[in-house]
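Notes follow the structure.
Residue numbering restarts at 1 for every chain, and letters A, B, ... go by the order of the sequence lines.
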2 protein chains.
Amino acid sequence: MANSLDDVIDAALRVLDKRGMEFFSMRRIAAELDVQPSALYHHVDNKQTLLTLMASRIVAPVVIDEDLTTVSHRLRAAMLGIRDGAEVVATATAFKLGSSTLEAEIARFSTPDIARTLLIYIIGHTQATQLHTQASALGLISQDSDLDASFERGLRIILGTTGANPNK
Amino acid sequence: MANSLDDVIDAALRVLDKRGMEFFSMRRIAAELDVQPSALYHHVDNKQTLLTLMASRIVAPVVIDEDLTTVSHRLRAAMLGIRDGAEVVATATAFKLGSSTLEAEIARFSTPDIARTLLIYIIGHTQATQLHTQASALGLISQDSDLDASFERGLRIILGTTGANPNK
DNA sequence: ACCTGAACACCGTTCAAGT
DNA sequence: ACCTGAACACCGTTCAAGT
């Protein structure tokens, strides 16, 4: 009974979360919707476009305000919330330098340079975290339990804040 | 007459530079070597392994010394030197947080946190630059001629250096 | 050690046609 | 507007066999 574009994005995010980027394909999304692969192209121009829509959806719930440390943690959490979420955001959204609304919104509370540097760091570190977590889940590398703390320390290098956090 | 692993890596880098990531395939590398696709698997376990070897090759000539600003520019230049070079390095090398030799070498001249943050930034910004350059070459977005300066300003945010450069 | 030939189980995308 | 069915031009990888 007639899927909408939103149904397609939902199904795509479900496939991603269940199988990961490695097995993320248009054909699996079609199967998830009980539809022929060609049907997807009525809603979306191509796979890349779909990935961009997914990235927007992942990032959309993140509230941007003046507390950039908290904003950074929110963004990280949003991407970590879905398997390979950071990779999707990395390849689709954030790397449209300048034309990203996220970058502009963060710049409102700091400077364009800080916004850009911060965004690159957040996405990059989170992507690394996700890859690392997967690899150690497969027993390929030893666990590095320090990743949350590592993220926080990098944040302080960029934002120039000290250890004392008045909001906590 | 019998290819070596090095021949395979060479051919792979040639294919990447000529066609880009989008058309980078084992089958094209095989064609570049005038060999059957299956022959590649005598030299390399799989495509991912080959990408890791390519990333090492891209980054290998970069000299690491105490002038981290210059080191950063060298790394950026090395990745920009080959089409989609930053993407290959991003997915293959750098994101082995901690287990990257590059990260350890940079840490010798600063701190582990600065090394990690810097590396994430350099690779991320360079990847963004390369995507941006390609997109604007295709007329998809407007030119942003500021990317070199943008890179430099982000560098200063992380390294905490001021405008004055005693080495220049 | 290095490679061929053939096969397997997949891809993204297009397009005419149906409802 | 939304979907089917069939096709096209590809993929990565395995494996027996050749030299």
Side-chain angles (χ1 to χ4, degrees), chain A residues 1-57 83-84 87-88 90-93 131 134-135 138 140, chain B residues 1-57 83-84 87-88 90-93 131 134-135 138 140:
Chain A
M1 58 215 55
N3 292 297
S4 67
L5 173 58
D6 261 20
D7 295 333
V8 171
I9 301 173
D10 281 345
L13 286 169
R14 244 146 46 216
V15 170
L16 180 67
D17 199 43
K18 281 193 285 206
R19 322 297 311 260
M21 252 312 202
E22 193 187 353
F23 298 106
F24 178 78
S25 71
M26 297 299 275
R27 292 177 114 100
R28 278 179 204 266
I29 299 166
E32 175 83 18
L33 288 168
D34 268 312
V35 120
Q36 293 296 313
S38 52
L40 298 177
Y41 292 86
H42 187 266
H43 298 97
V44 110
D45 268 359
N46 49 49
K47 193 183 183 182
Q48 186 53 50
T49 304
L50 181 52
L51 282 166
T52 304
L53 293 169
M54 292 163 70
S56 300
R57 184 90 129 233
R83 165 128 72 140
D84 291 335
E87 187 177 339
V88 171
T91 62
T93 294
L131 288 179
Q134 284 176 215
L138 295 174
L140 299 179
Chain B
M1 58 212 60
N3 291 296
S4 67
L5 173 58
D6 261 20
D7 294 333
V8 172
I9 300 173
D10 281 345
L13 287 169
R14 245 147 44 215
V15 170
L16 179 67
D17 199 43
K18 281 193 285 206
R19 321 297 311 258
M21 250 316 202
E22 193 186 353
F23 299 107
F24 178 78
S25 72
M26 297 299 274
R27 293 176 112 99
R28 279 179 204 266
I29 300 166
E32 174 83 18
L33 289 169
D34 269 313
V35 120
Q36 293 296 315
S38 53
L40 298 176
Y41 292 87
H42 187 265
H43 298 99
V44 108
D45 269 359
N46 50 48
K47 192 183 183 182
Q48 187 53 50
T49 305
L50 181 51
L51 282 166
T52 304
L53 293 170
M54 292 165 70
S56 301
R57 184 91 130 229
R83 165 128 72 141
D84 291 336
E87 188 176 338
V88 170
T91 62
T93 294
L131 288 178
Q134 282 175 216
L138 295 174
L140 299 178

Figure out the CE/C1' separation between B:M21 and D:dC11, and round it to whole Å. 14 Å
Rounded interatomic separation in angstrom, taking CZ from A:F23 and C1' from C:dA9: 12 Å
Whole angstrom value for the distance that separates C1' of C:dC10 from CZ of A:R28: 9 Å
Assign each of A:N46 and B:H42 to its nearest nucleotide of DNA chain C by heavy atoms, then name whichever residue's nucleotide is nearer the 5' end. B:H42
B:E22 atom CD is separated from D:dA9 atom P, nearest whole Å, by 18 Å
Quick check for you: to the nearest 0.5 Å, what is the distance between B:I29 atom CD1 and B:D10 atom CG? 11.5 Å
Can you tell me how far CE of A:M21 sits from OG1 of B:T91, rounded to the nearest 0.5 angstrom? 11.5 Å
Measure the spacing between CG of A:L131 and CG of A:D84 and express it to the nearest 0.5 Å. 7.0 Å
Any A:N3 side-chain N or O less than 4.0 Å from OP1/OP2 of D:dC3: yes
Picking from D:dG12, D:dT4, D:dC11, the nucleotide nearest the side-chain atoms of A:V35 would be D:dT4
Most 5' of B:H43 and A:F24 on DNA chain C, judged by nearest nucleotide: B:H43
Quick one: A:D6 CG to D:dC2 P, roughly how many Å, whole number? 12 Å
Separation between the C1' atoms of D:dA9 and C:dC10, rounded to whole Å: 13 Å
Which of C:dT13, D:dG5, C:dG5 is nearest the side chain of B:Q36? It is C:dG5
Write down the distance between CZ (A:R27) and P (D:dA6), rounded to a whole number of angstrom. 13 Å
Under a 3.5 Å limit for both distances, which nucleotide forms a Watson-Crick or G-U wobble pair with C:dC3, could you say? none
Which one of B:R27, B:R14, B:R19 satisfies the side-chain hydrogen bond (donor to acceptor under 3.5 Å, both in side chains) criterion with B:E32? B:R14
Of the nucleotides D:dG12, C:dC3, C:dC11, which one has an atom closest to the side chain of B:A39? C:dC3
Interatomic distance where CD1 belongs to B:I29 and C1' belongs to C:dC3 [whole Å]: 17 Å
Straight-line distance of A:R83 CZ to A:E22 CD, nearest 0.5 Å: 9.0 Å
When you get a sec, tell me which of D:dC11, C:dT13, D:dT14 is the closest nucleotide to the side chain of A:Y41? C:dT13
Sub-3.5 Å donor-acceptor pair from the side chain of B:D7 to the main-chain atoms of B:S4, do we have one? yes
Is there a Watson-Crick or G-U wobble partner for C:dA17 with both distances under 3.5 Å, and which nucleotide is it? none
Under 4.0 Å, heavy atoms only, any strand: does A:A2 hit a base, just the sugar-phosphate, or nothing? sugar-phosphate
What integer distance in Å separates B:L5:CG from C:dA1:C1'? 13 Å
Pairing check on D:dG12: which nucleotide meets the Watson-Crick or G-U wobble criteria with it, both distances under 3.5 Å? C:dC8
Between the side-chain atoms of B:S38 and the base atoms of C:dG5, is any donor-acceptor pair under 3.5 Å? yes
